[in-house]
Number of protein chains: 2
Amino acid sequence: MTARRRKAERPGEILEAAFEEFSKNGFAATRLDDIAARANVTKGTIYVYYSNKEVLFETMVRELMTPVIAEVEALMAMEATDAEAVLRAFMKFIYANVAADRQCLELMRLLLLESERFPHLSHEHFTQFVNPMQLKLQDCLNELADKGLIRKAPALSLTDLISGPAVALNVWRLLFPFAGAIDTDEHMEAALDLFLNGLLPRD
Amino acid sequence: MTARRRKAERPGEILEAAFEEFSKNGFAATRLDDIAARANVTKGTIYVYYSNKEVLFETMVRELMTPVIAEVEALMAMEATDAEAVLRAFMKFIYANVAADRQCLELMRLLLLESERFPHLSHEHFTQFVNPMQLKLQDCLNELADKGLIRKAPALSLTDLISGPAVALNVWRLLFPFAGAIDTDEHMEAALDLFLNGLLPRD
DNA sequence: TCTTATTGACTAACTAGTCAGTCATTAATG
DNA sequence: CATTAATGACTGACTAGTTAGTCAATAAGA
C-alpha cells in the first residue's frame with residue numbers, strides 16, 4: 001500500500017471507525033483514542049484529517065445523511081393516480097430510508113441523542129429530507145381524496161402517521177435488540193394493508 | 001425550613017435536577033456539579049444520598065418508569081367485545097404513557113441514548129410494561145378477529161403497529177421541537193380512525 | 001535525499017469522587 | 001429559662017484519573 005493510497009483512504013476509514021464508536025457510546029462518552037485504534041491509526045492522524053472531535057462527528061453524521069437526501073428527488077415525480085401505488089411508493093421510500101440498515105437506525109439514534117449539542121443536524125435532516133417528503137405526500141393525499149380514491153379522513157392532515165410504522169420499527173429495534181428480529185418487508189406490507197383497508201370488516 | 005424537613009426533600013430535589021440535566025445532555029456529558037447547582041446544593045450533598053453517578057442516573061430513570069408500570073394492571077381487565085372500544089382503550093393507554101408529557105418523552109430518549117451503558121433499564125421497561133401490553137393486545141385482537149368484529153389482517157400479528165403513532169409522535173417531538181406543536185388527542189383520533197376504517201373509501 | 005504521512009509522548013483542562021471541617025438545629029443539663 | 005453538648009446535613013477544597021488536542025521526531029515512499 002503506497003503512502004498516497006493510504007492518504008486517500010484514511011478519511012473514510014476514520015469515519016467508519018467513528019461511526020462504530022459514536023453510535024455505541026454517543027458523542028461525549030466516545031474517546032478519540034478508541035476511534036483511532038479501531039481505524040488502526042493513532043490519535044494524531046485523526047487531527048491530520050479532522051480539525052477536532054465535533055467536526056469529526058458532524059462529518060460522520062452528514063456522511064450518513066447524504067444517500068438519504070439524494071433519493072428525495074426521485075420521489076417528487078410521483079403522480080397521484082392510484083391510492084395503493086402512491087402509498088406503497090411512499091412507504092417503501094420511508095422504510096428504505098428510516099429502517100433499512102444499521103446506518104439508518106443509528107442515524108436516528110444519533111440525531112435524537114445529540115439534538116442538544118448539534119441542533120442544526122436534525123434541523124438539516126428535517127429541511128432536506130423529512131419536510132419535502134411530507135409536503136409531497138400531503139399533495140398526493142389531497143389529490144387522491146379530491147378524486148374520491150381515498151376517504152377524506154382526519155389522518156390526511158397528519159402525514160407523519162404514514163411514516164409512523166417505519167419510525168416505530170426503528171425505535172423498537174434500537175430499544176429492544178434482544179426481542180426477536182422483525183422482517184422489514186412483512187412489517188411494511190402489514191402496515192400498508194392496515195392503512196388501506198383498516199381493521200373493521202369490509203363487505 | 002428545619003434540617004429534618006430538608007433531609008426529607010433533598011433526594012427528590014436532586015432527582016428532579018438530575019432529570020433536567022441528564023435529559024439535556026445524556027449521562028456522560030452531564031456534570032454532577034451542574035446537577036448540584038440546579039438542586040441548590042453542592043456536589044458533596046449528592047453523595048450523601050446517592051453513592052455514585054450511575055446510581056443517581058438509574059434511580060432517576062426508575063422514578064420515571066414507576067407511574068407507567070403501575071397503570072399496566074388496569075389494562076389487563078379489558079374485554080374484547082367491541083373493536084373500537086378495545087382499540088381506543090389501548091391507544092389511549094399508549095399515548096398516555098408514551099407521548100403524554102415531557103417525562104414520557106425524555107424517558108424514551110434516555111432509554112435509547114443509554115441502552116449501551118444501562119441495558120437492563122430498557123430490558124426492565126420491556127418486561128414490565130411493553131411486553132405485557134403487547135401480549136394483552138394480541139389476545140384482544142385475536143378474539144375480535146375470531147368473533148368477526150375485525151378483519152383477519154396481517155397487521156394482527158404485529159401489535160407494535162398499534163403503538164406506532166404514539167411512538168412516532170414522540171420521536172417527532174424529540175427530533176423536531178422547532179416544528180409546530182401537534183395536538184396529542186387529535187393525533188390519536190386520526191390514528192384510531194385510520195386503523196379502524198383505512199383510507200380506501202367505504203360504501 | 002527529500003517529502004510527507006504518521007507517530008506517541010506531552011500538556012492543559014476537566015470532572016468523579018473524597019473527606020475533614022462548619023454550622024444550624026435539637027436535646028440535655030443546671 | 002439559660003447554657004452547653006451532641007447531632008447530622010451540608011460544604012468546598014482536594015486528589016486522582018481521564019482525555020482532547022499539540023508538536024517535534026520518525027519512518028517510509030518517490
Side-chain angles (χ1 to χ4, degrees), chain A residues 1-63 110 113-114 116-118 121, chain B residues 1-63 110 113-114 116-118 121:
Chain A
M1 186 77 62
T2 69
R4 277 183 210 294
R5 254 188 81 73
R6 302 280 341 129
K7 168 151 194 192
E9 289 178 2
R10 281 275 183 258
E13 291 170 0
I14 293 169
L15 285 184
E16 188 107 349
F19 168 71
E20 295 297 336
E21 293 296 321
F22 279 133
S23 65
K24 198 165 63 181
N25 308 313
F27 180 80
T30 294
R31 288 178 291 272
L32 285 178
D33 281 319
D34 288 349
I35 294 176
R38 185 183 280 272
N40 295 312
V41 294
T42 56
K43 195 167 52 176
T45 305
I46 293 179
Y47 281 87
V48 173
Y49 300 101
Y50 304 98
S51 53
N52 60 49
K53 192 181 176 184
E54 297 205 345
V55 165
L56 174 60
F57 182 83
E58 285 197 26
T59 309
M60 185 273 286
V61 171
R62 289 232 169 70
E63 192 81 356
L110 288 170
L113 214 129
E114 306 300 346
E116 200 76 22
R117 194 189 286 257
F118 301 94
L121 283 180
Chain B
M1 186 79 62
T2 69
R4 276 182 211 295
R5 251 190 84 72
R6 300 288 331 136
K7 167 153 194 192
E9 289 177 2
R10 280 277 181 256
E13 291 170 0
I14 292 170
L15 285 183
E16 188 106 350
F19 168 71
E20 295 296 338
E21 293 295 322
F22 280 133
S23 64
K24 198 166 62 181
N25 308 313
F27 180 80
T30 294
R31 286 179 293 271
L32 285 178
D33 280 320
D34 287 350
I35 295 175
R38 186 183 280 272
N40 295 313
V41 295
T42 57
K43 195 167 51 174
T45 307
I46 293 179
Y47 282 88
V48 174
Y49 299 102
Y50 304 98
S51 53
N52 59 48
K53 194 181 175 185
E54 297 206 345
V55 165
L56 174 61
F57 182 82
E58 286 197 25
T59 309
M60 184 273 287
V61 171
R62 288 234 169 68
E63 191 82 356
L110 288 170
L113 213 130
E114 307 299 345
E116 200 75 22
R117 194 190 285 257
F118 302 94
L121 282 179

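What's counted below: heavy atoms across the whole structure, side chains too, no hydrogens, waters or symmetry copies. Letters go in sequence order (proteins before strands), and every chain restarts at 1.
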### Query
Does A:Arg10 have a side-chain nitrogen or oxygen under 4.0 Å from the phosphate oxygens OP1 or OP2 of C:dA5?
no
### Task
Could you check how far CD of B:Glu13 sits from C1' of D:dA9, rounded to whole Å?
13 Å
### Message
Can you measure A:Lys53 atom NZ to C:dA13 atom C1' for me and round it to whole angstrom units?
### Response
14 Å
### Query
Under 4.0 Å: is that the gap between some side-chain N or O of A:Thr45 and OP1 or OP2 of C:dT7?
yes
### Query
Can you find a donor-acceptor N/O pair under 3.5 angstrom joining the side chain of B:Lys43 to the base of C:dG17?
yes
### Query
What is the distance, rounded to the nearest whole Å, between atom CZ of B:Phe27 and atom P of C:dT15?
14 Å
### Task
Indicate whether OP1 or OP2 belonging to C:dT6 is found under 4.0 Å from a side-chain N or O atom of A:Tyr47.
no
#### Entry: Main-chain N/O of A:Leu56 paired to A:Tyr49 side chain as donor or acceptor, under 3.5 Å
no
### Query
On DNA chain D, nearest-nucleotide positions of B:Gly44 versus A:Ser51: which is more 5'?
B:Gly44
### Query
Can you tell me if B:Glu114 uses its side chain to pair, donor with acceptor, with the backbone of B:Phe27 under 3.5 Å?
yes
### Query
Within the pair B:Arg31 and C:dC14, is there a side-chain N or O less than 4.0 Å away from OP1 or OP2?
no
### Summary
From CG of A:Asn25 across to P of D:dA20 the rounded distance in Å is 11 Å
### Side chains of B:Met60 and B:Leu110 in contact at under 4.5 Å (non-hydrogen atoms)
yes
## Note on the structure
B:Glu54 CD to C:dT15 P, in whole Å, measures 17 Å
### Task
Nearest whole angstrom, please: distance from the P of D:dA16 to the CG of B:Leu32.
19 Å
### Message
Under a 3.5 Å distance rule, please check whether A:Lys24 uses its side chain to pair with a backbone N or O of A:Thr30 as donor and acceptor.
### Response
no
### Task
Please report, rounded to the nearest Å, how far the P atom of C:dT6 is from the CG atom of A:Asn40.
12 Å
### Task
Check the distance between C:dG17's P and B:Ile46's CD1 and give it to me in whole angstrom.
10 Å
### Query
Parallel under 30°, tilted from 30 to 60°, perpendicular over 60°: which one fits the rings of B:Phe57 and B:Phe22?
perpendicular
